[in-house]
K.L.:
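Attaching a single structure in structure tokens format; questions to follow.
Please read these numbers as outputs of a predicted model, since none were measured by experiment. Naming convention: chains lettered A, B, ... in sequence-line order (proteins, then strands); numbering from 1 in each chain.
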Protein chains: 2
Amino acid sequence: MNTSISASWGRHINVIPPQSGEPALAPISSFVDGQCIYSCGERADQVYRVEFGAVRVYRLLANGRRQILAFHFGGDWFGLQSRDRHSLNAEAIGVTGVRYINLQEEPLCRPALFSAALENFSAAQEHQLVIGRQSAIERVAAFLLEMSERSGYSRRFELSMSRVDVADYLALTIETVSRSLTKLKHRGFIELHGARGIELVGYRSLQNLCL
Amino acid sequence: MNTSISASWGRHINVIPPQSGEPALAPISSFVDGQCIYSCGERADQVYRVEFGAVRVYRLLANGRRQILAFHFGGDWFGLQSRDRHSLNAEAIGVTGVRYINLQEEPLCRPALFSAALENFSAAQEHQLVIGRQSAIERVAAFLLEMSERSGYSRRFELSMSRVDVADYLALTIETVSRSLTKLKHRGFIELHGARGIELVGYRSLQNLCL
DNA sequence: CGTGCCGTTGACAGGCGTCAAGTACAGTGG
DNA sequence: CCACTGTACTTGACGCCTGTCAACGGCACG
């Protein structure tokens with residue numbers, strides 16, 4: 001799926017910097033596309049770190065809708081939870097590897113986990129602003145910039161997730177996402193290479209949209 | 001402002017349980033209504049705890065809009081930040097007292113702060129779901145239930161914030177908030193006592209709205 | 001009683017969701 | 001090599017929800 005990227009293209013950061021004296025990390029567990037990593041209601045006694053691939057964290061609502069709260073890529077910690085049971089689901093996007101630590105065996109309050117929690121918190125707040133106060137086209141622009149940042153600020157990259165995922169992340173419909181991408185293309189801000197390939201032609205223009 | 005509450009009414013929890021061996025808490029600092037506690041760009045080397053009153057945390061966007069990310073009441077920690085400078089603003093709602101700890105003098109990674117960070121994170125996620133996937137009336141219902149919870153699950157309570165604040169928290173306009181409240185009243189789910197007084201008549205019905 | 005602020009209500013328009021049809025592309029099998 | 005199929009994505013038509021603009025009502029305060 002997202003393994004067929006031309007070599008010259010940026011991708012999401014999959015290289016993990018060597019951790020300094022972080023013990024008790026289990027070996028890499030591998031997941032196929034769409035496979036559940038944890039689900040709502042399960043005991044939350046592990047914290048995960050993405051090694052390669054990507055992860056979506058979401059909840060299903062009673063009206064049948066799905067809200068994706070976050071995407072996680074290589075190096076990101078996820079699964080931190082304020083209660084002892086998960087209130088969200090996590091699934092692999094494409095072939096994905098994660099490692100985890102067991103919270104029973106480890107002190108919960110570690111600097112690495114603390115800053116991971118703050119990073120997650122900060123990302124959630126930024127996303128609140130996007131879905132709260134931005135129009136459809138602004139949300140899509142913000143999303144593209146975010147994905148660019150997370151693939152090392154590359155101007156050209158490939159989305160690892162489908163339109164449905166993008167829509168559920170931005171609290172839009174796939175049709176609106178599609179239309180917004182088309183508008184951005186017509187305005188000369190981006191170019192589309194196939195369904196997943198994105199090129200940011202007008203980086204500054206995109207940023208101006210998101211103010 | 002929110003000091004003129006009839007004694008029989010629930011209020012937001014202002015009583016602080018005695019902390020067990022938590023040192024270095026500065027004495028209470030008092031703020032008047034609307035006073036800034038910290039603002040975007042300042043160094044974030046303090047973490048605050050509400051002693052009485054309430055706090056709104058928000059950001060102003062370029063289009064002139066304001067998004068309130070969270071309200072904080074007695075006992076809540078706020079001001080935790082992943083970077084060394086604040087990216088948000090915090091203001092007092094009504095007469096408000098806070099205490100803070102200095103992060104320079106204290107180890108950042110303490111259990112109390114860690115769980116505070118996770119609580120903040122969790123609240124941000126729940127709020128993402130509300131503003132992402134709920135209609136106007138569902139958001140208002142969810143808000144009332146949240147305020148009820150935070151005033152000790154009382155059926156009858158008084159809002160400490162204005163309609164503008166509610167609107168900016170729910171990513172709506174004041175008109176839509178007002179209309180939604182009227183609808184909830186006409187459906188017999190709530191009763192309004194003045195502008196700020198709320199009585200939840202149909203608690204279950206409200207919950208069913210928010211599924 | 002006038003003034004100002006806050007909240008409510010109404011009329012209207014626009015953006016986005018919904019429904020539906022059309023296109024592109026990969027995989028499969030003949 | 002090509003037809004067939006299914007999935008993902010795009011585009012179009014239309015309606016509703018919510019934002020915008022405006023007027024009105026209630027209440028505190030001077």
Side-chain angles (χ1 to χ4, degrees), chain A residues 1-5 33-34 56 61 63-67 93-94 130-144 158-186 190-198 209, chain B residues 1-6 33-34 61 63-67 93-94 130-144 158-186 190-198 209:
Chain A
M1 169 169 279
N2 54 352
T3 57
S4 58
I5 312 175
D33 184 45
R56 59 174 167 254
L61 288 95
N63 48 15
R65 299 203 166 177
R66 183 181 68 157
Q67 177 68 42
I93 302 177
V130 172
I131 63 181
R133 290 299 182 195
Q134 307 277 70
S135 68
I137 196 167
E138 291 165 347
R139 291 185 210 189
V140 173
F143 173 73
L144 294 179
E158 155 129 334
L159 296 176
S160 40
M161 69 292 287
S162 70
R163 291 287 186 277
V164 187
D165 283 348
V166 177
D168 287 351
Y169 180 59
L170 297 177
L172 298 170
T173 60
I174 51 172
E175 294 93 332
T176 302
V177 171
S178 187
R179 273 186 265 264
S180 300
L181 285 170
T182 306
K183 278 185 197 169
L184 290 174
K185 186 178 69 180
H186 287 157
I190 65 171
E191 278 180 23
L192 304 174
H193 301 91
R196 302 285 182 95
I198 304 284
L209 260 187
Chain B
M1 170 168 278
N2 56 350
T3 56
S4 59
I5 312 174
S6 127
D33 184 44
L61 287 96
N63 47 16
R65 299 202 165 177
R66 184 182 69 158
Q67 177 66 44
I93 302 176
V130 172
I131 63 182
R133 289 302 182 193
Q134 307 277 69
S135 67
I137 196 168
E138 290 165 347
R139 292 185 209 188
V140 172
F143 173 73
L144 295 179
E158 155 129 335
L159 296 176
S160 39
M161 69 292 289
S162 69
R163 291 288 186 277
V164 186
D165 284 347
V166 177
D168 287 350
Y169 181 59
L170 297 177
L172 297 169
T173 59
I174 52 172
E175 293 93 332
T176 302
V177 170
S178 187
R179 273 186 266 264
S180 300
L181 285 170
T182 306
K183 279 185 197 169
L184 290 173
K185 185 177 71 180
H186 287 157
I190 65 171
E191 277 179 25
L192 304 174
H193 301 89
R196 303 285 184 96
I198 304 283
L209 259 188

K.L.:
Could you state the CG-P distance from A:Leu184 to D:dT10, rounded to the nearest angstrom?
P.N.:
12 Å
K.L.:
With sequence neighbours left out, what residues match B:Ile190 under side chain to side chain contact (heavy atoms under 4.5 Å, CB included)?
P.N.:
B:Leu144, B:Leu181, B:Leu184, B:Lys185, B:Leu192, B:Leu200, B:Leu206
K.L.:
Are B:Asp168 and A:Arg133 close enough, and set up right, to give a salt bridge (Lys or Arg N to Asp or Glu O under 4.0 Å), and what steps lead you there?
P.N.:
CA-CA 9 Å; B:Asp168 287 350; A:Arg133 290 299 182 195; 3.2 Å; yes
K.L.:
Quick one: CZ on B:Arg163 to CG on B:Asp165, what's the gap to the nearest 0.5 Å?
P.N.:
11.0 Å
K.L.:
To the nearest Å, how far apart are B:Leu181 CG and C:dT8 P?
P.N.:
6 Å
K.L.:
What's the spacing between B:Ser180 OG and B:Leu172 CG if we round to 0.5 Å?
P.N.:
6.5 Å
K.L.:
Taking only the side-chain nitrogens and oxygens of B:Thr182, find out if one of them lies under 4.0 Å from OP1 or OP2 of C:dT9.
P.N.:
yes
K.L.:
Check the distance between D:dT20's C1' and A:Arg133's CZ and give it to me in whole angstrom.
P.N.:
14 Å
K.L.:
Can you list the stems that DNA chain D is part of, where a stem is at least 3 pairs in a row, each Watson-Crick or G-U, with both distances below 3.5 Å?
P.N.:
C:1-30 with D:1-30
K.L.:
What's the CZ-P distance between B:Arg163 and D:dG25, to the nearest Å?
P.N.:
19 Å
K.L.:
Indicate, with a heavy-atom threshold strictly under 4.0 Å, whether B:Arg65 touches base, sugar-phosphate, or nothing.
P.N.:
sugar-phosphate
K.L.:
Calculate the interatomic distance between A:Glu158 atom CD and D:dA8 atom C1'; express it in whole Å.
P.N.:
14 Å
K.L.:
Tell me: CD1 of B:Ile190 to C1' of C:dT8, nearest whole Å?
P.N.:
13 Å
K.L.:
What's the spacing between A:Ile131 CD1 and B:Ile131 CD1 if we round to 0.5 Å?
P.N.:
4.5 Å
K.L.:
Heavy-atom contacts under 4.0 Å between residues 167-179 of chain A and DNA chain D, which residues?
P.N.:
A:Glu175, A:Ser178, A:Arg179
K.L.:
Mind checking whether A:Arg139 and A:Val177 have side chains closer than 4.5 Å, heavy atoms only?
P.N.:
no
K.L.:
How many whole angstroms separate atom CD of B:Gln134 from atom P of C:dC16?
P.N.:
19 Å
K.L.:
If only side-chain N and O atoms of A:Arg196 are considered, is one of them under 4.0 Å from the OP1 or OP2 phosphate oxygen of D:dC9?
P.N.:
yes
K.L.:
So which one's nearest nucleotide on DNA chain D is more toward 5', A:Gly194 or B:Ile137?
P.N.:
A:Gly194
K.L.:
Nearest-Å distance, NZ (A:Lys183) to P (D:dT11)?
P.N.:
12 Å
K.L.:
If you round to the nearest 0.5 Å, how far is CG of B:Leu159 from CD1 of B:Ile198?
P.N.:
4.5 Å
K.L.:
Counting only side-chain heavy atoms from C-beta out, which of D:dT18, D:dC9, C:dG7 sits nearest to B:Ser135?
P.N.:
D:dT18
K.L.:
I want to check something: taking the side chain as every heavy atom from C-beta on, are A:Tyr169 and A:Val130 in contact at a cut-off of under 4.5 Å?
P.N.:
no
K.L.:
Can you tell if the side chain of A:Leu170 reaches within under 4.5 Å of the side chain of A:Gln134, non-hydrogen atoms only?
P.N.:
no
